[in-house]
Amino acid sequence: SAVMRRAGLLLEMPLLIITQANLAVVGLAASLVLDVSDGLTPLDNMIVAWVVCWLLLTITLFSAAADVNIKMTRLPALLSAVNFGQSVDHDKWYVVANMGIEDAALKMYNVRINRVAILKATYYGAA
């Protein structure tokens, strides 16, 4: 669980940088190019398509992180079921108990990335 917590912390900053840099580029491009007073030109349509693709890829990225978090919640039960040939394996019990106590997950701003968090962020971001 400490490894996953460390991996989550290492992934948090690059995800934020990529997301914020793309958002800045998309916003700048949209403000410079889009002029909807005359109708949409082919270039405007291409920029709108690019913005939509970027948003879908960002949601897909966070959905993959949510899938990893769902699988990590099942990991203690999986480790408990594994038999290493000993009738009583205190090391396994310690690891499973520690994983139950620790909240090992991929997080963004100390919020576990899950489907509800993605929907809330998308809703508030679109507003």
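All figures in this text were calculated on a predicted structure; none of them were measured in a lab.
- The distance from the CG atom of L75 to the CD1 atom of I70 is 14.0 Å, given to the nearest 0.5 Å.
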Start with the C-alpha distance between N114 and N69, add both sets of side-chain angles, then the distance that settles side chain to side chain contact (heavy atoms under 4.5 Å, CB included), and finish with yes or no.
-> CA-CA 7 Å; N114 57 20; N69 284 340; 5.8 Å; no
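- We find the OG-CG distance between S63 and L57 to be 11.0 Å, quoted to the nearest 0.5 Å.
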With side chain to side chain contact (heavy atoms under 4.5 Å, CB included) as the test, would you mind laying out the steps for T58 and F62 before giving the verdict?
-> CA-CA 6 Å; T58 303; F62 286 115; 3.6 Å; yes
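- In the hydrophobic clustering of ILVMFWY residues, with side-chain heavy atoms under 4.5 Å counting as a link, I113 and I59 come out together.
- Note that CG of D67 is 4.5 Å distant from CZ of R115, once rounded to the nearest 0.5 Å.
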